[in-house]
Enquirer: 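Dumping the structure here so I can ask a few things about it.
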Amino acid sequence: MHLNSFKKYEHLTSKKTFEQLFLKGKSIAVPPFRILWMHVPSAIQSTKYTPVHLGIAVPKKSFSKAVVRNKLKRRIREAYRKNKHEVYEVLKKRNLSVDVLIIYTAKQELPYDQIEQKMIVSLHKLIAVIQ
RNA sequence: AUACCGGGACACUCUAUCGCUCCGAUGCAAAUCGGAGAGGAAAGUCCGGACAACAGAGAGCAUCCUGUCCUGAUUUAGUUCAGGAUAUUCGCAGGCAAACUGCGAAGCAAGAGAGUGCCACAGAAACCAAACCGCCUGGCGAAUACCGCACAGGCAAGGGUGAAAUCGAGGGGUAAGAGCCCACGCUUUGUAUAAGUAAUUGUACAUUGAUGGUAAACCUCAGGAGUUGCAAUGCCAAAUAAUGGAAGGCUGCUCGUCUCUCUUCAAUGAGAAAGCCAUUGGUAGGCAGCAUAGAUAAAUGAUAGAGGCUAUCAGGAAACUGGUAGAACAGAAUCCGGCUUAUAGGCCCGGUAUGUUA
RNA sequence: CGGGAUGUAGCGCAGUCCGGUAGCGCACUCCCUUGGGGUGGGAGAGGUCGCAAGUUCAAAUCUUGUCAUCCCGA
């Protein structure tokens with residue numbers, strides 16, 4: 001498995017899990033993000049084990065144009081893809097898997113390098129909370 | 001030449017690394033290899049069509065939409081679009097003036113000779129007749145031109161009001177006046193004739209002086225549209241004792257989901273619009289629909305380099321060289337056609353203004 | 001993707017159906033009342049009715065286009 005890939009089976013795809021995250025998920029605030037996460041029963045023996053399922057959300061109220069929303073989602077996905085390996089190592093050691101939802105809460109459109117910096121910070125925070 | 005406005009086609013290019021979606025091949029799998037991968041508007045959802053459901057076929061009411069003529073275009077459908085022509089409207093000039101003439105621009109939502117409604121304020125009067133200030137004749141008052149009148153009649157030229165007051169202006173005519181009459185111009189309707197595929201236009205004769213405006217008021221005429229929409233619809237899984245996709249009771253009904261007729265099915269049947277009462281639990285995933293882009297929290301990206309373009313700074317006489325910054329509007333979700341709106345930059349076409357030269 | 005509604009004074013709303021004067025409440029300004037303020041009384045200002053084009057003598061109102069905001073439907 002390549003370390004920097006971000007395939008479809010690593011996405012959050014079910015509408016139900018989104019609702020559960022909003023109801024029961026624990027939240028961390030790292031501006032410009034807000035991160036909701038929760039533990040999921042692990043299945044380390046099965047071949048389709050994935051430590052993290054990730055969803056990305058950009059609210060329509062802050063950015064009414066679809067182009068801007070797509071651009072931000074792509075930037076966040078790119079930043080996550082490059083920096084996810086630390087989280088994966090920690091979770092693999094402890095046999096855990098989590099569902100995570102990243103919500104973009106800022107009202108301005110940020111450039112890529114800022115988003116990447118904040119992504120590193122927030123992933124470190126997430127690791128600390130899980131441990 | 002410069003600036004601005006409008007329209008049109010184009011919508012930075014290439015390479016490397018790391019990644020994404022779908023399809024195909026190999027493979028137990030992980031994965032590897034190959035191929036395809038966003039616009040002119042994908043947008044707004046303003047129209048139309050395909051496609052699907054409502055059992056099938058036909059007719060009609062209500063409701064809604066469209067409205068000159070010809071030619072052409074398309075998924076061959078439209079009342080859509082494009083081009084041309086014409087009625088008409090607007091502006092400028094001419095003219096004493098006009099419902100006039102010439103030039104230029106715009107260019108269609110039919111009909112105001114079926115009926116109903118409305119036309120504020122002002123004005124005497126707003127559509128069917130009428131007379132405020134007036135003009136004229138007669139009568140009366142001492143009163144045969146001049147002043148007056150709760151008098152009798154004639155007139156609609158002039159004033160004034162208004163968006164609009166029954167053709168314009170000239171001459172004749174008259175007590176005063178009036179298309180009352182005449183010439184000129186315009187105009188209504190009809191006939192004939194010429195041009196044109198046609199709408200329509202010209203000419204001649206007769207006739208009229210409009211039948212005030214408003215149909216983006218009701219309406220009339222001609223024509224068109226059955227309704228709902230891919231969240232349509234069909235199937236599977238899951239759920240449950242089991243059924244259904246919400247179930248139940250009452251009222252009131254229907255036999256299409258507006259009405260009528262016929263056909264088919266059905267009376268121990270089928271349907272589900274309206275009102276009231278009361279209960280609110282489970283599943284809300286997948287496949288088809290669906291595409292030589294194509295998903296279902298929804299792919300088409302990030303970084304680096306090179307070249308071209310624009311702006312600006314520095315150097316230079318110039319060609320140019322170097323640095324910095326920038327590159328619009330905007331992202332497919334069933335598909336197709338039209339319309340509308342957004343759009344950096346240079347290019348092409350047209351118009352307006354200013355300047356220079358000839 | 002498909003339906004629907006609303007834009008009028010600083011704020012909340014009438015008026016739009018059926019075209020001629022743009023109004024109500026709170027807020028604002030000035031004056032009176034009070035020793036001063038509040039309350040109360042009186043007077044006044046503030047709008048080209050989201051924007052554009054059209055119909056009409058005349059448009060907030062009718063027609064068309066457009067821009068915002070909001071609400072529904074699995």
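This one's a predicted model, so the numbers in the text were calculated from it and none came from an experiment. Basis for what follows: all heavy atoms, side chains included, without hydrogens, waters or symmetry-related copies.
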Enquirer: With syn defined as a glycosidic angle within 90° of 0 and anti as everything else, classify A99(B).
Expert: anti

Enquirer: Which one is paired to U341(B), where only Watson-Crick or G-U wobble pairs with both distances under 3.5 angstrom count?
Expert: none

Enquirer: Is there a path of hydrophobic side-chain contacts, each under 4.5 Å between heavy atoms of I/L/V/M/F/W/Y residues, joining Val129(A) to Tyr80(A)?
Expert: yes

Enquirer: Would you kindly give the CZ-to-P distance between Arg69(A) and A43(B), to the nearest whole Å?
Expert: 13 Å

Enquirer: Between Arg74(A) (CZ) and A295(B) (P), how many Å, whole number?
Expert: 17 Å

Enquirer: Measuring only the P atom in each nucleotide, how far is U63(C) from C26(C)? A whole number of Å is fine.
Expert: 36 Å

Enquirer: Which pair of heavy atoms, one from Leu126(A) and one from Val100(A), lies closest together, and at what distance?
Expert: CD2-CG2, 4.3 Å

Enquirer: Could you check whether Arg77(A) gets within reach of a base, just the sugar-phosphate, or nothing at all, counting any heavy atom under 4.0 Å?
Expert: sugar-phosphate

Enquirer: Determine which nucleotide pairs with C51(B), using a 3.5 Å limit on both distances of a Watson-Crick or G-U wobble pair.
Expert: G229(B)

Enquirer: Does G35(C) have a Watson-Crick or wobble mate here (both distances under 3.5 Å), and if so which one?
Expert: none

Enquirer: Measure the spacing between OH of Tyr104(A) and CD1 of Ile76(A) and express it to the nearest 0.5 Å.
Expert: 7.0 Å

Enquirer: With the 90 degree cut-off around zero defining syn, does A353(B) come out syn or anti?
Expert: anti

Enquirer: Under 4.0 Å from OP1 or OP2 of A302(B): is there any side-chain N or O of Arg75(A) that close?
Expert: no

Enquirer: Atom CD1 of Ile56(A) to atom C1' of G301(B): distance rounded to whole Å?
Expert: 12 Å

Enquirer: Can you tell me which nucleotide in C18(B), A302(B), G331(B) comes closest to the side chain of Lys82(A)?
Expert: A302(B)

Enquirer: Quantified in whole Å, what is the C1' atom distance between nucleotide G148(B) and nucleotide A142(B)?
Expert: 13 Å

Enquirer: From the list A302(B), G301(B), A330(B), which nucleotide is the closest neighbour of the side chain of Tyr112(A)?
Expert: A302(B)

Enquirer: Apply the syn/anti split at 90° from 0 to G179(B) and say which one it is.
Expert: syn

Enquirer: Answer with base, sugar-phosphate or nothing: what part of the nucleic acid does Lys71(A) contact at a heavy-atom distance below 4.0 Å?
Expert: nothing

Enquirer: Nearest-Å distance, CZ (Arg81(A)) to C1' (U300(B))?
Expert: 14 Å

Enquirer: Please report the distance separating the P of U280(B) from the corresponding atom of A298(B), rounded so that it comes out in whole Å.
Expert: 38 Å

Enquirer: With the 90 degree cut-off around zero defining syn, does G113(B) come out syn or anti?
Expert: syn

Enquirer: For Ile76(A) and A298(B), give me the distance from atom CD1 to atom P, rounded to whole Å.
Expert: 12 Å

Enquirer: Would G346(B) be called syn or anti here, given the cut-off of 90° from 0?
Expert: anti

Enquirer: Quickly work out the Leu72(A) CG to A298(B) C1' distance and round it to whole Å.
Expert: 16 Å

Enquirer: Can you tell me which residue among Ile102(A), Ile103(A), Val121(A), Thr105(A) is in a side-chain contact (heavy atoms from CB on, under 4.5 Å) with Phe33(A)?
Expert: Ile102(A)

Enquirer: Does C11(C) have a Watson-Crick or wobble partner in any strand here, with both distances under 3.5 angstrom, and which is it?
Expert: G25(C)

Enquirer: Looking at Arg75(A) and Leu110(A), would you say the former's side chain and the latter's main chain have a donor-acceptor pair under 3.5 Å?
Expert: yes

Enquirer: Taking for each residue the nucleotide of RNA chain B with the nearest heavy atom, is it Ala57(A) or Lys65(A) whose nucleotide lies nearer the 5' end?
Expert: Ala57(A)

Enquirer: Sort out the partner of G73(C) for me: Watson-Crick or G-U wobble, both distances under 3.5 Å, none otherwise.
Expert: C1(C)

Enquirer: Just name whichever nucleotide pairs with C64(B), Watson-Crick or G-U, keeping both distances under 3.5 Å, else none.
Expert: G224(B)

Enquirer: Considering only the C1' atoms, how many Å lie between C265(B) and G256(B), rounded to the nearest integer?
Expert: 14 Å

Enquirer: Quickly work out the Asp113(A) CG to A302(B) C1' distance and round it to whole Å.
Expert: 12 Å

Enquirer: Which one is paired to C132(B), where only Watson-Crick or G-U wobble pairs with both distances under 3.5 angstrom count?
Expert: G159(B)

Enquirer: Let me see the working for Glu78(A) and Arg81(A) under salt bridge (Lys or Arg N to Asp or Glu O under 4.0 Å), right down to the final yes or no.
Expert: CA-CA 5 Å; Glu78(A) 187 74 11; Arg81(A) 182 174 72 76; 2.5 Å; yes

Enquirer: For the P atoms, the ones on C46(B) and on G65(C), what distance do you get once it is rounded to whole angstrom?
Expert: 9 Å

Enquirer: Considering only the C1' atoms, how many Å lie between A9(C) and U34(C), rounded to the nearest integer?
Expert: 33 Å

Enquirer: Does U16(C) have a Watson-Crick or wobble mate here (both distances under 3.5 Å), and if so which one?
Expert: none

Enquirer: Rounding to the closest angstrom, what is the interatomic distance between G78(B) and G351(B) at atom C1'?
Expert: 36 Å

Enquirer: Atom CG in Asp99(A), atom CG in Leu101(A): separation rounded to 0.5 Å?
Expert: 9.5 Å

Enquirer: Could you give the CG-to-P distance, from Asn70(A) to U21(B), as a whole number of Å?
Expert: 16 Å

Enquirer: Once rounded to the nearest 0.5 Å, what's the spacing between atom CE of Met119(A) and atom CD1 of Ile35(A)?
Expert: 7.0 Å

Enquirer: Quantified in whole Å, what is the P atom distance between nucleotide G34(B) and nucleotide C290(B)?
Expert: 33 Å

